[in-house]
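The basis for the numbers below is simple: all heavy atoms, side chains too, and nothing from hydrogens, waters or symmetry mates. Given the structure is predicted, the values throughout are model-derived calculations rather than measurements. Sequence positions, counted from 1, serve as the residue numbers for this chain. When a ligand or atom number is given, it counts from 1 through the structure's own listing order.
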Amino acid sequence: MSEPIPYLDLRAQMKPLRAELDAVIARTLDNCSFCLGPDVVQFEQDFAKFCGAEHCVAFNSGTSALHIAMLLLGVGPGDEVITTPFTFVATSWAISYVGATPVYVDIDDATFNLDPKLIEKAITPKTKVVMPVHLYGQPFNVEAILEICRKHKLPLVEDSAQSHGAKFNGKVVGTFGEISCFSFYPGKNLGAAGEGGALVTNNAAFAKRARALREHGSTVRYYHDEVGYNYRMEGIQGAVLGVKLPHLQKWTDARRRVAHRYHELLKGTPLQLPLEASFAESAYHLYVVRHPRRDELKAYLDANGVGCALHYPLPLHLQKCYANLGYKNGDFPFAEKAGRECLSLPIYPELTDAQIDRVAAAVKDFFAK
Ligand SMILES: *Cc1c(COP(=O)(O)O)cnc(C)c1O
């Protein structure tokens, strides 16, 4: 058998950047700028510019950025936040951390993103925020959701953790909502050498308070205006992200090339392929196909040297940690069906045409048997 194709290969991206990364990490060690510091400040400016936003505040994770977003919008105990049950759990953590309640709304069957048509029915006097996710790299229907937010005077928070550089109607995600949160977890489209995250906003007061909250609630050292957190980005992560950011557009283009090749090769198969909505230019964080025989297909691909993964097998409303919310099987049929049927094929900028062809051939073999 030829070399296995890993589901994700971070080493391929590290190799060509290694000398540059070594140099900036060494500089950080020489300067001892370990927590925040000049490289983080520079990265914040560069990433804000990339998003077309006025402010970027860097954090130690995307989860921390989402948590602070909830605090900035005054979400607290007794409040409700409308969000998707089909995402990585951290979207809901932010809501739980401030003592509020996630209120789930089902996804759209074709795009996996929150279905705008179902949002209004879920709004109550306790609703404080609407927080959808640009899932798998594909922007949600920003226009439709913003219209509902404006009508009900609700702020929008974008969970953009999977969608650096994705475009809605030609404009990069990050400034459609009051706040947009990103993750730089190593496997994300822009990954640190460890944990990292950021919050992006055009609201200067939010940015100022976010900077204080991430640093123990202080703007002057040892004076604490409110209860804060230790959510600072490390200096080394700022340095690494600064080296990688200039490559992001090229990497996004490469991800789109991989997706289009998969699409051409797989369009005759029984798989349901990712649908790019007419308004969307996906950053293809993931390439997720669907089939009722998903588990058999995954076992077959695993056995034939093709790595694949599940994002996400169990929707959040059915997770043990949220049993107290009182949801049951059948509440969100499309999220549940997606959980049963979706399969993520390998996608990263460095994936070669030959590798893509082998993945597609293995999929076709499975259905030919
Ligand atoms: C990765 C991710 C997060 C959390 O980011 P971390 O940096 O891992 O804390 C939040 N939401 C979504 C949708 C994610 O994919």
Side-chain angles (χ1 to χ4, degrees), residues 7-8 10 40 43 47 56-71 81-98 102 104-105 107 111-114 129-140 142 145 156-166 173-174 176-177 179-200 210 214 229-234 236-238 240-241 244 255 282-288 309-317 319 321-322 335 338-339 342 344 347-348:
Y7 166 67
L8 181 62
L10 293 177
V40 173
F43 173 71
F47 194 68
C56 168
V57 182
F59 287 90
N60 61 345
S61 77
T63 306
S64 301
L66 287 163
H67 177 191
I68 297 301
M70 294 295 99
L71 291 173
V81 175
I82 292 177
T83 187
T84 169
F86 196 64
T87 174
F88 181 59
V89 70
T91 316
S92 275
W93 285 159
I95 303 164
S96 302
Y97 289 172
V98 298
Y104 298 120
V105 164
I107 56 170
T111 63
F112 301 102
N113 274 325
L114 198 65
V129 169
V130 178
M131 179 159 61
V133 178
H134 301 299
L135 198 72
Y136 304 154
Q138 162 145 261
F140 54 77
V142 172
I145 293 182
L156 174 71
V157 173
E158 301 168 70
D159 182 340
S160 309
Q162 305 188 354
S163 292
H164 322 65
V173 302
F176 294 111
I179 299 169
S180 179
C181 297
F182 291 86
S183 165
F184 308 118
Y185 180 76
K188 298 288 158 81
N189 286 24
L190 177 63
E195 307 279 351
L199 169 165
V200 158
R214 79 173 165 188
Y229 300 85
N230 180 357
Y231 280 177
R232 289 175 294 230
M233 178 178 274
E234 293 184 345
I236 283 179
Q237 305 311 338
V240 167
L241 289 165
K244 292 177 91 175
R255 285 174 179 278
S282 176
Y284 281 104
H285 173 55
L286 301 176
Y287 189 86
V288 180
L310 305 184
H311 301 95
Y312 299 88
L314 188 66
L316 303 186
H317 67 287
Q319 295 283 349
C321 62
Y322 283 130
C342 66
S344 308
I347 188 163
Y348 32 96

Enumerated ligand 1 atoms positioned under 4.0 Å from heavy atoms of [X]:
| X | value |
| --- | --- |
| Leu66 | 10 (C) |
| Thr87 | 13 (C) |
| Ala90 | 3 (C), 4 (C), 10 (C) |
| Thr91 | 11 (N), 13 (C) |
| Ala161 | 2 (C), 3 (C), 10 (C), 11 (N), 12 (C), 14 (C), 15 (O) |
| Val133 | 13 (C) |
| Ser61 | 7 (O), 9 (O) |
| Gly196 | 7 (O) |

Check your understanding: Is Ser183 in polar range of ligand 1, meaning some N or O pair under 3.5 Å apart?
Key -> yes
Exercise for review: Please determine if Tyr312 has a nitrogen or oxygen closer than 3.5 Å to a nitrogen or oxygen of ligand 1.
Suggested key: no
Note the single closest protein heavy atom to [atom], along with its residue, its atom name and the distance in Å.
| atom | value |
| --- | --- |
| atom 15 (O) of ligand 1 | Gln162 NE2, 2.9 Å |
| atom 11 (N) of ligand 1 | Asp159 OD2, 2.8 Å |
| atom 9 (O) of ligand 1 | Thr63 OG1, 2.5 Å |

Point to revise | Residues His67, Tyr229; criterion ring pair (Phe, Tyr, Trp, His ring centres under 6.0 Å); working and verdict | key: CA-CA 10 Å; His67 177 191; Tyr229 300 85; 4.8 Å; yes
Check your understanding: Any donor and acceptor pair, going by atom type alone, linking the side chain of Gln319 with main-chain N or O of Leu314 inside 3.5 Å?
Key ->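 Yes; at least one donor-acceptor contact below 3.5 Å.
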Point to revise | Donor-acceptor contact below 3.5 Å, side chain Glu158 vs main chain Pro132 | key: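 Answer holds: no.
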Exercise for review: Please work out whether any backbone atom (N, CA, C, O) or any side-chain heavy atom from C-beta onward of Leu135 is under 4.0 Å from ligand 1, and answer side chain, backbone, both or neither.
Suggested key: neither
Exercise for review: Report the distance from atom CG of Leu286 to atom CZ of Arg255, rounding to the nearest 0.5 Å.
Suggested key: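 These two atoms lie 8.0 Å from each other.
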Check your understanding: To the nearest 0.5 Å, what is the distance between OG (Ser64) and OH (Tyr97)?
Key -> 8.0 Å
Study note, to complete from the structure: Heavy-atom closest pair (Ala161 atom, Lys188 atom, distance to 0.1 Å) is O-CD, 3.2 Å
Review point. Can you find a non-hydrogen atom of Lys188 under 4.0 Å from ligand 1?
Key: yes
Check your understanding: side chain to side chain contact (heavy atoms under 4.5 Å, CB included) between Phe43 and Gln237: does it pass, once the steps are laid out?
Key -> CA-CA 10 Å; Phe43 173 71; Gln237 305 311 338; over 6 Å; no
Review point. How about Tyr136 and His311: are their ring centroids closer than 6.0 Å?
Key: no
Point to revise | Ring centres under 6.0 angstrom apart (Tyr185, Phe88) | key: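 Ring centres of Phe88 and Tyr185 not closer than 6.0 Å.
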Exercise for review: Just say parallel, tilted or perpendicular for the rings of Phe112 and Phe86, cut-offs at 30° and 60°.
Suggested key: parallel
